[in-house]
Amino acid sequence: GRLQVDAATVARLVRNCHQRAPDDHATVLFALRALEGMDYGDLTGCLLAVLDHPHPAVRRFGLALLDRHAPESARLPLLARLQAEPDAELQGLCIRVLCRIGGAEADHQIRPFLDDLREPVQRGALVGLLRHGGLQGLNEATSELRLLLRSANPAERRLAAAVLGEAGLPGFYQPLVVLLDDPAVEVRQAALHAAASLVNPQLVPVLLEQFNNATVHSAAARALAAHGEHALPLLADALEEPQPRQRRLRLINVLGRIEAEPVASLLLTQLRYPDALVRFRALEALNRRRHRVDSDTVDEIHQQLREEAGQLIHSLRALEDLGNSPTTAPLSPLGWPGWPSTGYQVDLEKALVGDLRQARQRLLLLLGLLDNSRGFASAVARLDGASREQRGKALEVIENAIPAESRPLVFPLIELGTDALSEPATRRNYLAGLRERLRSDTLATTLHALQHRDRLQALARRPGRYSSLWSRLC
């Protein structure tokens, strides 16, 4: 809401706006922000006063606020400042503000800057006239833009892309399609950056093609995310198709940036995908959205909690086997003769501890889909590295979020933490305490009956959604 302050404070803020010492620029910026926040009646006077401030950050902020409020009385002072401003970037910004305030009447004053050799100035004139110019100004800006688009110089084509993005006119999307297929990488990067501002559904298929390009996929991801719901149908189709792992992870990253409601259902489909990292990224994205599953999905999340806990216990038992195994062996656990046990034990132990950490994190993320409250998110953030008292309070919140039937299995895995569970004594105590529980669990009973080599073979064959590729290779 509006900032409420007394008259003396307002007067002091206004005086601060007229300070000229370069070292006091932070004071001036604070005063301008505060006066805008309280809807000060003569804000325009303060903004005009800072147009000749010696610090460029103050002048930039003053121009940005004038662009936001567009007071008619600023036109003549802006024309004077345009001639005196030494900074090309700020001169370009001044031109844009003049176009916004003056509209068609500013066309004749801005047209000469269309041929300016300084890129920021020329860009400011093109963007200003495209967005706010009259018929004559718009025609001349469009003609200059066509020349830039057809130029053999990549720098000029890159400028055209920047202008299209900053103008943000959806009807001007077709030139951007051409630039997105430009042979120069810097031009495609600029076009993708522009596509994040110039939103048009017709751009989505082209952006998805660029998403496959290793050199520009990050910029393509940002542009796709900016298109929001327009991009969802094609993103959903892409998730249905077989994809390389890294591309699927990037698709999930894009979905995580889109606020539209249908995104959650697309992310939920990835929770059964046979890759642990894909599941983790989907869970992260759902938790960032603070998504809470509905009654149709809650049973599935309960089942995944139980399966995740069972596989975590599987890793614990394998670690216990490694601790009890001999230091040399004529036969490797995977059946390869002459394989020394010491080397594989060290690598496999590290890999399994890594799986433990990831599985515990997935348990917490799954619980976040059952309890999306800020209190639960805060408890998870305080769980590790907090004081004993804070950790105890966090564990209490987390315990209450676990379904009652899964609590005896899941809560100790979260309470002890992966660092503790990787210690042999703690691991043995935990497994002993769960012995009766394990006997009633089909998976756990099967694993308990396996010999050392057979258990590790089962570990190598378990679904990829529960373990890393490294642990399976080890």
Side-chain angles (χ1 to χ4, degrees), residues 2 13-14 16-18 20 25 28-29 31-116 118-145 159-160 162-172 194 197-198:
R2 184 183 299 179
L13 291 170
V14 172
N16 288 344
C17 290
H18 292 76
R20 286 292 179 268
H25 71 280
V28 181
L29 291 172
L32 290 172
R33 291 189 182 98
L35 290 169
E36 187 194 29
M38 65 181 67
D39 288 340
Y40 177 58
D42 191 25
L43 179 64
T44 299
C46 294
L47 296 177
L48 295 178
V50 303
L51 287 181
D52 60 351
H53 192 280
H55 201 288
V58 175
R59 302 200 302 275
R60 180 184 298 276
F61 190 67
L63 286 168
L65 291 188
L66 284 170
D67 188 37
R68 187 182 305 168
H69 295 280
E72 175 63 29
S73 59
R75 184 179 174 188
L76 292 179
L78 280 169
L79 281 170
R81 186 62 208 167
L82 179 59
Q83 303 304 320
E85 177 58 58
D87 187 302
E89 285 284 350
L90 296 185
Q91 202 172 11
L93 181 55
C94 191
I95 288 171
R96 296 187 204 199
V97 182
L98 271 169
C99 288
R100 175 170 167 76
I101 293 174
E105 294 181 9
D107 283 1
H108 70 284
Q109 295 160 329
I110 303 303
R111 283 201 307 272
F113 294 101
L114 287 173
D115 300 320
D116 200 288
R118 296 165 297 171
E119 181 181 309
V121 177
Q122 185 184 22
R123 188 173 72 244
L126 284 164
V127 172
L129 289 174
L130 286 172
R131 293 185 67 180
H132 308 292
L135 181 60
Q136 188 172 359
L138 180 60
N139 284 339
E140 294 194 21
T142 303
S143 297
E144 182 64 28
L145 181 61
L159 172 59
V163 168
L164 288 168
E166 292 175 31
L169 302 172
F172 279 56
S197 303
L198 196 162

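By convention here, the first residue in the shown sequence is residue 1.
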Out of Leu29, Leu63, Asp52, which residue meets the side-chain contact (heavy atoms from CB on, under 4.5 Å) rule with Val58?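 Exactly one option meets the side-chain contact (heavy atoms from CB on, under 4.5 Å) with Val58, and it is Leu29.
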Please identify which of these residues, Leu66, Leu82, Leu51, meets the side-chain contact (heavy atoms from CB on, under 4.5 Å) condition with Cys94.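 Looking at Leu66, Leu82, Leu51, the match for Cys94 under the side-chain contact (heavy atoms from CB on, under 4.5 Å) is Leu82.
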Can you confirm whether [X] sits close enough to [Y] that some side-chain heavy atom of one is under 4.5 Å from a side-chain heavy atom of the other?
X	Y	result
Thr44	His69	no
Gln136	Arg111	yes
Val28	Asn16	no
Pro54	Arg20	yes
Glu89	Arg60	yes
Leu13	Tyr40	no
Glu36	Leu32	no
Leu198	Leu169	no

Output all residues satisfying side chain to side chain donor-acceptor pair (under 3.5 Å) with Asp87, sequence neighbours left out; order by chain, then residue number.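 Asp87: no side chain to side chain donor-acceptor pair (under 3.5 Å) contacts found.
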For [X] against [Y], the heavy-atom pair lying closest together:
X	Y	answer
Pro56	Leu90	O-CD1, 3.8 Å
Leu98	Ala106	O-CB, 3.9 Å
Arg96	Val127	NH1-CG1, 3.9 Å
Ala141	Leu114	N-CD1, 4.1 Å
Glu119	Leu159	CG-CD1, 3.6 Å
Pro120	Ala88	CB-O, 3.7 Å

I'd like to know if the side chain of [X] reaches the main chain of [Y], judged simply by a donor and an acceptor atom lying under 3.5 Å from each other, with no hydrogens or angles considered.
X	Y	value
Gln122	Asp115	no
Arg59	His53	yes
Asp116	Val121	no

Using residues 70-79 as the side-chain source, report each donor-acceptor pair under 3.5 Å to any protein atom, sequence neighbours left out, with the distance given to one decimal.
unit_1: Arg75; atom_1: NH1; unit_2: Glu105; atom_2: OE1; d: 3.0
unit_1: Arg75; atom_1: NH2; unit_2: Glu105; atom_2: O; d: 3.2
unit_1: Arg75; atom_1: NH2; unit_2: Gln109; atom_2: OE1; d: 3.4

Separation of Cys17 SG from Leu48 CG (nearest 0.5 Å):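 That separation rounds to 11.5 Å.
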Can you tell me how far the CG atom of Asp67 sits from the CG atom of Leu47, to the nearest 0.5 Å?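 Going from the CG atom of Asp67 to the CG atom of Leu47 covers 11.5 Å.
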Evaluate the criterion side-chain contact (heavy atoms from CB on, under 4.5 Å) for residue pair Leu138 and Leu130; output intermediate values, then yes/no. CA-CA 5 Å; Leu138 180 60; Leu130 286 172; 3.8 Å; yes
